[in-house]
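We count ligands from 1, going down the list as the structure has it; atoms in each ligand are counted the same way. Fair warning: this is a prediction, and the values are worked out from it, not measured in the lab.
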Amino acid sequence: MKKKIIILPGDGIGKEVTAEGKRVLEKIAEIFDHTFEFEEAVIGHDAIESTGQSLPDETLSKLRNCDAILFGAVGHPKYDNDPTLKVRPEQGLLKMRKELGLYANLRPIRLFDELLESSSIKAEILRGADILFFRELTGDVYFGEKGRKDDGRTAYDVMIYHRYEIERIAHKAFQAACTRKRKVTSVDKANVLESSRLWRETVQEISKQYADVTLEHLFVDSAAMKLIQNPRSFDVILTGNLFGDILTDEASQIAGSMGMLASASVGDTVGLYEPIHGSAHDITGKGIANPLASILSVALLLDISFGLKEEADTVIKAVEQTLKAGFRTVDIANPKTVKEKIVNTQTMGNCVLKQLSMINEPISQ
Ligand code: NAD
């Protein structure tokens, strides 16, 4: 198979983890005899510094002409500490999602048995949890009207949803549930918000087309509590942009660390694959970032954009074997376990590459 992949490292640890994701793609191409052509592009703080735009036109045109995108993260302390700056790295990310029509963000919460003890949640509560989030990505307060009035002393962000936006992601969530445990939990705040009442009404109507899928509704506050109390009770969670943003960070603790969670953003054109974490200024340049979320994003890319299920499963298996062999970056290290070997970002990448080679070595006669 011949495919063109754009590598969009972005800022901070985005660069460090995406380098490892790319090496895994190269290895998969070598093992399975594919041709992956790579091209890099800039976004975020680096792009602002070099072009004045957080998503330069040149980057956008490259993204429109490829088969898949592997993205890192955007963000820089300069902007976090100065809310008055008008051109901001995250604008590039939001524009990219909007321009490419990436309306559905899939976030699988995959818990590797080897990390059961690394989570801050008790192992007996976590064991067997397997959740797939569908977070809507192109609506909500992120894209509603926003502004200031009264000489800047009052600010507003409008929470807005159109029916078609809810319908298209609801279909994706129900379709996914049909291949899993056939349960969709729709999360909203319909007791307070009108946009949530439209959300609930629309999801209820769509559910009639999926009679063998059970639909439950939860208010976001209750969902936040139940995620930690009983994560096993969920299968597919369908929710809006803001609630999904918050709940998936919370759910990262089910997987042990932010550094373990991959995501896919899809719509009707090219797919974008990225870890759920940000640019993590606190650890940038230290070489300690966990690259597994980026590597697991590669597995999603292979599966969803290229339909290469065997290759995707091989990447997941290699990550599992790496963890079984005891290799850990600091974020997933368990201080109680002496058998673990603490490694840096690049060494973790090397371990996964080694496992990929071993999984695919012909068994000697
Ligand atoms: P963050 O996700 O960058 O970091 C949160 C915490 O998790 C930090 O302590 C960090 O060290 C840790 N962490 C994150 N990824 C890790 C990894 N791979 N390995 C080990 N530890 C990891 O969130 P934040 O600190 O709130 O934000 C930092 C910057 O990232 C901000 O500028 C923010 O705007 C940006 N951000 C970008 C995205 C994105 O590009 N998709 C998402 C969230 C935040």
Minimum heavy-atom distance Thr345-Pro291, with the two atoms named: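 Result for this residue pair: O-CG, 3.5 Å.
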Atoms in ligand 1 flagged as close to [X], the criterion being non-hydrogen separation under 4.0 Å:
X      : result
His281 : 28 (C), 29 (C), 31 (C), 32 (O)
Ala289 : 19 (N)
Glu274 : 41 (N)
Gly259 : 17 (C), 18 (N)
Ala73  : 40 (O)
Gly75  : 32 (O)
His76  : 32 (O)

Between His171 and Tyr210, ring centroids under 6.0 Å: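 For His171 and Tyr210, the ring centres are under 6.0 Å apart.
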Report yes if [X] has an N/O atom closer than 3.5 Å to an N/O atom of ligand 1; otherwise report no.
X      : result
Gly278 : yes
Ala280 : yes
Asp282 : yes

Heavy-atom nearest neighbour in the protein, as seen from atom 37 (C) of ligand 1, with distance rounded to 0.1 Å: Val74 O, 3.0 Å
Which residue and heavy atom of the protein sit nearest atom 14 (C) of ligand 1, plus the separation: His277 CB, 3.6 Å
Between [X] and ligand 1, which residue portion shows a heavy-atom distance shorter than 4.0 Å: side chain, backbone, both, or neither?
X      : result
Ile13  : side chain
Leu93  : side chain
Asp80  : side chain
Met258 : side chain

From the candidates Ile276, Asn290, Ile283, the one that places a heavy atom nearest atom 21 (N) of ligand 1: Ile283
Test item: Leu126 and Pro231 side chains (from C-beta on) under 4.5 Å apart, heavy atoms: yes
Pairs satisfying side-chain hydrogen bond (donor to acceptor under 3.5 Å, both in side chains), at least one member in residues 2-13, at least two apart: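 side-chain hydrogen bond (donor to acceptor under 3.5 Å, both in side chains) check on residues 2-13 returns Lys4-Glu39.
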Is it the case that the side chains of [Y] and [X] hold a donor-acceptor pair, with the cut-off being a distance below 3.5 Å and no angle test?
X      : Y      : answer
Asp249 : Ser252 : no
Thr138 : Glu136 : yes
Arg107 : Thr248 : yes

Sequence-distant partners of Glu40, salt bridge (Lys or Arg N to Asp or Glu O under 4.0 Å), two or more places apart: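 By the salt bridge (Lys or Arg N to Asp or Glu O under 4.0 Å) rule, Glu40 matches no residue at all.
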Exercise check, heavy-atom protein proximity under 4.0 Å to atom 24 (P) of ligand 1: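 It does not: no protein heavy atom is found less than 4.0 Å away from atom 24 (P) of ligand 1.
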Presence of salt bridge, Lys78 and Asp82, under 4.0 angstrom: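 Not counted as a salt bridge, because no side-chain N and carboxylate O are separated by less than 4.0 Å.
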Stacked cation flag Arg180 on Phe174, 6.0 angstrom / 45 deg: no
Lys146 vs Asp157, salt bridge (Lys or Arg N to Asp or Glu O under 4.0 Å): CA-CA, chis, key distance, verdict: CA-CA 4 Å; Lys146 51 185 79 233; Asp157 299 272; 3.2 Å; yes
Heavy atoms from other residues, nucleotides or ligands near NZ of Lys354 exceed 12 (cutoff 6.0 Å): no
Non-hydrogen atom of Glu90 closer than 4.0 Å to ligand 1: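 Contact check Glu90 vs ligand 1: negative.
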